2 protein chains.
Amino acid sequence: MIKALHSANDMMIRKLESIFKLTSEEEQALRDLPIQTKDIATNQNIVKVGDQPGQCFFISEGFTCVHKVSAEGKRQIIAIHVPGDIPDLQSLHLQVLDINISTITPCKLGFIKHADLYQLCDRYPRIGAALWRETLVHASIFREWLLNIGQRDAYSRVAHLICELMLRLKAVGLVEEQTFKMPITQAEIADASGITPVHVNRVLQALRSDGLISTHRQQITIPDWEKIQQAGEFDPLYLHIKQEALA
Amino acid sequence: MIKALHSANDMMIRKLESIFKLTSEEEQALRDLPIQTKDIATNQNIVKVGDQPGQCFFISEGFTCVHKVSAEGKRQIIAIHVPGDIPDLQSLHLQVLDINISTITPCKLGFIKHADLYQLCDRYPRIGAALWRETLVHASIFREWLLNIGQRDAYSRVAHLICELMLRLKAVGLVEEQTFKMPITQAEIADASGITPVHVNRVLQALRSDGLISTHRQQITIPDWEKIQQAGEFDPLYLHIKQEALA
DNA sequence: CGTTATATTGATCATCTTCAATGAGTGTGG
DNA sequence: CCACACTCATTGAAGATGATCAATATAACG
């Protein structure tokens, strides 16, 4: 574990800047925030159900997923997190974790002690409010996923998931020319969509042959944004992303 | 709209007391909180997608549900709220609502202005933290619903929903002798579970004939808590209810 | 270059949907 | 007090989306 006083803090600042304008004092406080960075390989558990962590973590690079496992051993991916996200922010106020969080690609994570976050929120209420807001945005995404999984057919579910990732990655500058890296296996798409891997494969083939996506390795290109949006019944309101961040 | 300076405030105090011990100063602040009570009939919209409310509401009596509608007109119930809940607390920090909230029984609601809540959170950070925590608990429930709808069969989904409502109602004193009022139509259970009303009916019959529930009007009795818990793969961890509240 | 993970294909099966009709319960007004 | 209307619950039959099982092809990786 190496102490890095730069990239992770800068990224955190950029994240909050996308929510509201920081004062120089607030910015300095964030710059002084002790963050321990750590590299983690693919498919490693970061935290799991029942844990009582004393810290949160921030994603600098890579993707993680939140998941729960049913008594029958079936896994539901609840959320996919991308650089800039703080997947277990909830642990600040909920003692016991009710979820597992794992890496789905190699990740660079920044760990921040709860004590430091409490202090930060206390001294700079606007930062506290922004972090609260952050948890609310993620809750909003859970709600949309509920609609997606509860009411849409497999084809739309997968299209919707692709649309969401596209926009969220765009908001952090990871999309170029309608193309982005989506380093997620079909089995993971399946667990995130509540369908089987076999069926995901068939749906992806349909999406390709309908011209909604084209893939090369794990690169996805979206030739016609309007069309896939329609197929996925995608309306980005629920992401609560500022327009500016998508320009 | 009548101004009531008693019941709603008391209930809010009781709610927060279940999270942490209030100081007398905090309690007084809550007692002084202006709350406008309002009675609303069944099946009325309270707020809807796109609204930008300047207030939150607190449920004193009755049930409400949060729902979203797909482009194809299918409705997903995202959450069911019971007395003591603040269903749209998120609007404090997210300008535009991404959900609809409606009554599913006649309700007595208490409206609290955002401005007053901001002030309260500012002056009494522990109350702010408790409200933040409240939104996190609801997010946790969304996550469990995702697992429920994404990975479990219809029988388990309905059993799980019944278990959850039972415990949440118990926590606010609305369960007696394993019996409680669940004033929800089968169509609503269907929309909450991602199955059709017809199938809900069949599942309920199965639950009855398996001895997991018995119903009389909208009263549900659970003869064997262990058994239905198992059928629904129900583990109350995700509700983050203190043990004391269920004793 | 062998080994493992991931993607793809085919065939059969089942849960749940859809459609359509009937029955029961609740409330209202004449 | 009954008739009517309305909502909600229940039943039956047929159909479809997606699951399951099993095998193979392809890609990734040390």
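Quick note on labels: first sequence line is chain A, next is B, and so on, each numbered from 1. Bear in mind that the values here come from a model prediction, so they are computed numbers and not experimental data.
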Could you check B/Asn43 against B/Val198 and say which one's nearest nucleotide on DNA chain D is further toward the 5' end?
B/Asn43
Nearest 0.5 Å, please: how far is CD in A/Glu164 from OH in A/Tyr238?
3.5 Å
Tightest non-hydrogen contact, residues A/Thr105 and A/Thr42, listed as C-OG1, 3.5 Å
Min side-chain heavy-atom separation A/Gln90-A/Ile99 under 4.5 Å
yes
Of D/dT20, D/dT11, D/dG18, the nucleotide closest to the side chain of A/Asp153 is D/dG18
Can you give the first and last nucleotides of DNA chain C, 5' to 3', that have an atom under 4.0 Å from a heavy atom of chain B?
C/dC16 to C/dT26
Are any of the side-chain nitrogens in A/Asp191 or A/Lys74 under 4.0 Å away from the carboxylate oxygens of its partner?
no
To the nearest Å, give me how far apart CZ (A/Arg202) and P (D/dC21) are.
14 Å
Quick one: B/Gln205 CD to D/dT11 C1', roughly how many Å, whole number?
8 Å
Between atom CG in A/Asn201 and atom P in D/dT17, what is the gap in whole Å?
18 Å
Nearest heavy-atom pair of B/Val49 and B/Asn100: which atoms, and what distance?
N-OD1, 3.0 Å
Separation of D/dT17 atom C1' from A/His199 atom NE2, nearest Å, is 6 Å
Between A/Asn148 and A/Glu144: side-chain donor-acceptor atoms closer than 3.5 Å
no
Regarding B/Arg208, tell me which of base, sugar-phosphate or nothing describes its non-hydrogen contacts under 4.0 Å with the strands shown.
sugar-phosphate
Answer yes or no: is there a side-chain heavy-atom contact under 4.5 Å between A/Ile86 and A/Met12?
yes
Going 5' to 3' along nucleotides 23-30 of chain D, which nucleotides have protein heavy atoms under 4.0 Å from the base (write B), which only from the sugar-phosphate (write S), and which from neither (write -)?
-----S--
Whole Å only: how far is the CG atom of B/Leu207 from the C1' atom of D/dT10?
16 Å
Going by the angle between their ring planes, with limits at 30° and 60°, are B/Phe234 and B/Trp225 parallel, tilted or perpendicular?
perpendicular
Gap between atoms CD1 and P, on B/Ile104 and D/dC8 respectively (whole Å):
12 Å
Report the distance from atom CD1 of A/Ile228 to atom NE2 of A/His160, rounding to the nearest 0.5 Å.
11.0 Å
So what does A/Thr196 hit on the nucleic acid, given a heavy-atom distance under 4.0 Å: a base, only sugar-phosphate, or nothing?
base
To the nearest 10°, give me the bend of the helix from C/dC1-D/dG30 to C/dG30-D/dC1, comparing the axes of its five terminal pairs at either end.
50°
Taking atom NZ of A/Lys68 and atom CD1 of A/Ile77, what is their separation to the nearest 0.5 Å?
14.0 Å
Keeping the roles fixed (side chain from A/Arg143, backbone from B/Asp98), state whether a donor-acceptor pair exists under 3.5 Å.
no
